[in-house]
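Report on the structure given below.
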Amino acid sequence: MFKITDGDFNKQKYGNECYLANWPMLYILENGKQAYIGQSNHVIDRMAQHYHSLDKRIFKKVHFIYSSKFNQSVTLDYESKLIQYIAADELYEVRNKNAGMADKEYYGKKEYDEKFQILWRSLQRAKIVRHSLEELENSDLFKYSPFKELNNDQRTAVEEIIDSLKQEEDQMIVVNGMPGSGKTIVAIFLMKYLKDSEAFREKKIGFVVPQTSLRKTLKKIFKSIYGLKASDILSPADVTKKYYDILLVDEAHRLHQYKNISYMGPFKACCERIGLTTESDELDWILHQCKCPVLFYDEMQVVGPSGIDVNRFRRKMRIEQSKRILTYYNLIPQMRVKGGNDYISYVRQLLSGTVKEKKIFGDYELKMITDFKKFNERMYQKEGEVQLVRMAAGYAWEWVSKKNKDLYDIEIQGIKKQWNHCTEGWVLSEEAIDEVGCIHSVQGYDLNYGFIILGDEIGYDADEKCIIVRPERYFDQIGKKTAQYEELKEYIQHIYYVLMTRGILGTYLYICDPSLKEYFSQYMDIE
């Protein structure tokens with residue numbers, strides 16, 4: 001179905017096939033290290049244009065991709081797909097910009113999506129790419145690629161944000177979105193676009209990631225993407241060292257206050273560096289050190305007293321609105337979880353005790369398993385089928401293995417488990433499949449399936465028909481130190497909200513509290 005032919009870009013020799021002159025086609029320019037992917041209806045003319053462009057003179061060879069079934073809608077779609085996957089494949093450093101990346105609908109798209117797998121296997125046989133599509137789709141470089149195709153809502157938000165940032169006045173932009181709505185994807189897309197754009201060439205731009213584990217992951221990814229650098233990824237503390245024109249702040253709800261944290265000394269030093277007191281928080285650092293902050297925020301993902309809760313956040317926005325232009329955007333469509341927005345809302349209802357009727361979500365698997373041995377076995381089974389399957393839990397067990405690696409933290413029905421041996425990069429570590437992840441090792445990451453243990457710190461009062469929590473069974477001592485009952489209940493609900501929205505294909509639950517198990521069992525399938 002697909003014919004791949006090679007040409008000599010250096011010598012401008014491409015062959016005599018008639019389709020080279022006038023047919024929608026794809027091409028890959030490369031020099032063994034870098035690649036540029038494109039499409040054209042007149043590839044020979046396009047090669048001449050590229051040859052006279054200085055930035056394309058680095059390339060030596062071109063691979064033409066022809067099919068009698070191509071039309072321009074298909075080649076535009078396949079061009080975007082090839083850019084995404086070849087960038088994640090890492091055989092070449094992709095030199096494309098991402099300005100034209102958008103989700104494209106056209107007649108027969110579903111059929112062509114399936115045929116793309118055939119094209120990819122042809123490229124593998126030609127040794128133009130290395131990894132399978134399945135391998136790449138499980139990789140962080142694919143999931144957090146700046147070459148992601150954006151949906152209409154995301155595209156509109158990006159275009160309007162870019163137009164706003166081209167203005168000279170001080171301003172602030174807030175992007176709200178639930179888990180899986182694409183906040184991080186939009187933030188990374190924006191970063192790549194701004195760094196590639198001539199209009200922003202002289203601007204100091206940074207990408208702030210409060211979460212240590214995700215920051216390490218994104219540094220590695222930025223190092224692999226042309227036009228981006230690992231040093232573009234900043235911790236909140238890094239922001240206090242210089243002033244920025246634009247700061248993109250991913251997961252702004254994970255910024256901290258001077259409260260219930262383990263690094264009070266460094267926090268105080270950062271405040272003093274920029275002339276603030278410890279009454280301020282890490283969000284204040286960003287507002288103080290940046291002309292145009294772009295904040296990506298989800299009020300339901302604040303998981304402890306040190307976070308920037310919605311009341312604190314809104315109060316600061318009201319103050320800032322008197323100083324600079326403030327614009328809000330909402331990312332609504334669900335991009336990650338196959339259960340869609342309805343599933344996300346259902347999780348909120350389950351955890352707030354307000355579900356009225358059982359719902360199903362197409363092919364999305366929401367199930368409870370009452371036998372922990374079966375729960376554990378099913379996790380390993382799913383890992384063997386699709387990979388990127390992890391077990392995670394709330395803080396209902398002490399972390400005794402932190403000091404003694406011979407001890408186990410969690411024991412249920414005779415099966416023993418340890419908490420995550422690390423926080424940074426745990427999800428993709430070899431040991432992760434045998435361990436249980438906490439909120440800090442999982443938040444911000446995608447899984448194919450989440451196997452979530454709801455511990456004894458959360459329960460259900462059948463008489464009052466409400467969710468309850470047990471502070472004495474919640475072992476994050478720093479996290480609960482200053483929290484009153486209702487505040488702690490909200491944090492625990494938020495933790496499980498985050499954990500139950502990690503799985504792309506499904507979520508399996510094991511519930512320790514008998515009453516909570518009975519309550520949940522009315523609203524989901526049981527194995």
Side-chain angles (χ1 to χ4, degrees), residues 133-140 142-143 178-182 184-185 298 300-301 333-351 355 357-394 412 415 417 420 426-428 432-439 441-455 458 493-512 516-517 519-527:
L133 294 178
E134 292 76 16
E135 287 178 292
L136 296 176
E137 286 167 359
N138 279 333
S139 71
D140 278 342
F142 181 80
K143 292 177 185 295
M178 63 180 66
S181 59
T184 299
I185 293 302
D298 180 2
M300 285 293 293
Q301 292 199 60
Q334 178 58 223
M335 294 294 292
R336 181 182 69 227
V337 178
K338 299 300 183 187
N341 290 356
D342 287 345
Y343 172 72
I344 303 296
S345 299
Y346 197 62
V347 170
R348 293 180 70 164
Q349 293 168 22
L350 281 168
L351 292 170
V355 180
E357 60 182 1
K358 180 180 177 180
K359 292 183 180 180
I360 56 173
F361 306 96
D363 294 333
Y364 192 83
E365 297 178 43
L366 173 61
K367 296 181 180 180
M368 183 199 306
I369 299 180
T370 57
D371 179 79
F372 193 75
K373 181 180 180 182
K374 185 176 179 181
F375 181 78
N376 194 47
E377 289 173 350
R378 182 57 52 86
M379 180 193 67
Y380 286 112
Q381 177 194 331
K382 290 294 187 182
E383 172 69 12
E385 292 172 359
V386 297
Q387 288 78 56
L388 206 58
V389 176
R390 299 292 179 264
M391 192 179 290
I412 302 174
I415 296 174
K417 295 278 185 177
N420 43 269
W426 175 78
V427 165
L428 293 178
I433 187 61
D434 298 315
E435 298 174 341
V436 179
C438 71
I439 183 66
S441 63
V442 173
Q443 189 169 15
Y445 287 90
D446 296 346
L447 305 173
N448 284 326
Y449 285 92
F451 279 70
I452 311 304
I453 307 170
L454 282 78
I458 186 169
Q493 288 169 320
H494 284 189
I495 286 170
Y496 284 115
Y497 171 75
V498 173
L499 296 180
M500 290 173 65
T501 54
R502 295 301 93 196
I504 297 170
L505 304 176
T507 299
Y508 283 74
L509 303 180
Y510 178 86
I511 302 174
C512 295
L516 186 64
K517 185 186 299 182
Y519 160 61
F520 270 43
S521 69
Q522 303 171 65
Y523 304 112
M524 63 185 63
D525 293 338
I526 301 173
E527 288 192 14

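Listed here is the closest heavy atom pair of Ser441 and Cys438: OG-O, 2.9 Å. For the pair Lys382 and Tyr449, the tightest heavy-atom approach, listed with the atom from each and the gap, is NZ-OH, 3.5 Å. What you find for Pro179 and Asp298 is that their closest heavy atoms are CD-OD2, 3.2 Å. Asp525 and Lys358 make their closest contact through OD1-NZ, 2.7 Å (heavy atoms, listed as atom of the first residue, atom of the second, distance). Nearest heavy-atom pair across Gly394 and Ile495 is CA-CG2, 4.5 Å.
The number of heavy-atom neighbours closer than 6.0 Å to NZ of Lys367, taken from other residues, nucleotides and ligands shown, is above 12.
At distances below 3.5 Å, at least one donor-acceptor pair connects side-chain atoms of Glu383 with backbone N or O atoms of Val389. The backbone N or O of Ile344 lies less than 3.5 Å from no partner atom in the side chain of Arg348, so there is not a single donor-acceptor pair.
When side chains are defined from C-beta on, Asn341 counts as touching Met178, because their heavy atoms get closer than 4.5 Å. Contact check for Tyr497 versus Leu350: no side-chain heavy atoms found under the 4.5 Å cut-off. Side-chain contact between Gln522 and Val355 is absent, with no heavy atoms from C-beta onward closer than 4.5 Å. Between Met379 and Ile433 there is a side-chain heavy-atom pair separated by less than 4.5 Å. Annotation: side chain of Tyr510 is in contact with side chain of Ile453 (closest heavy-atom distance under 4.5 Å). The side-chain heavy atoms of Tyr346 and Tyr523, taken from C-beta on, include a pair separated by under 4.5 Å. With a 4.5 Å cut-off on side-chain heavy atoms, Trp426 and Val442 count as touching. Between Tyr380 and Asp434, the closest side-chain pair of non-hydrogen atoms falls below 4.5 Å.
In this structure, CE in Met500 is found 6.0 Å from CG in Leu366, a value given to the nearest 0.5 Å. Summarising the geometry, atom CG belonging to Leu447 is positioned 10.0 Å from atom CG belonging to Asn138; distances are rounded to the nearest 0.5 Å. Rounding to the nearest 0.5 angstrom, the gap separating the NZ atom in Lys374 from the CG atom in Asn376 is 13.5 Å. To the nearest 0.5 Å, the span separating CE on Met524 from CD1 on Ile360 amounts to 13.5 Å. A distance of 11.0 Å separates CG in Asp371 from CD1 in Ile412, rounded to the nearest 0.5 Å. With rounding to the nearest 0.5 angstrom, the NE2 atom of His494 is 9.5 Å from the CG atom of Leu351.
Checked for salt-bridge contact, Glu435 and Arg390 miss the test: no charged N lies under 4.0 Å from a carboxylate O. With salt bridges taken as basic N to acidic carboxylate O contacts below 4.0 Å, none links Arg378 and Glu365.
The side chain to side chain donor-acceptor pair (under 3.5 Å) check on Tyr364 picks up Thr507, with sequence neighbours excluded.
Note: Tyr343 and Phe361 have perpendicular aromatic rings, judged against thresholds of 30 and 60 degrees for the angle between ring planes.
Separation of the Tyr508 and Phe375 ring centroids does not fall under the 6.0 Å cut-off.
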- Query: Can you list the steps and then say if Gln381 with Glu385 is a side-chain hydrogen bond (donor to acceptor under 3.5 Å, both in side chains)?
  - Reply: CA-CA 6 Å; Gln381 177 194 331; Glu385 292 172 359; 3.1 Å; yes
- Query: When you look at Asp446 and Val427, which way does the side chain to side chain contact (heavy atoms under 4.5 Å, CB included) test go after all the steps?
  - Reply: CA-CA 9 Å; Asp446 296 346; Val427 165; over 6 Å; no
- Stepwise side chain to side chain contact (heavy atoms under 4.5 Å, CB included) check, Thr370 with Ile511: CA-CA 7 Å; Thr370 57; Ile511 302 174; over 6 Å; no
- Task: Please step through side chain to side chain contact (heavy atoms under 4.5 Å, CB included) for the pair Ile504 and Glu137, ending with a clear verdict.
- Result: CA-CA 12 Å; Ile504 297 170; Glu137 286 167 359; over 6 Å; no
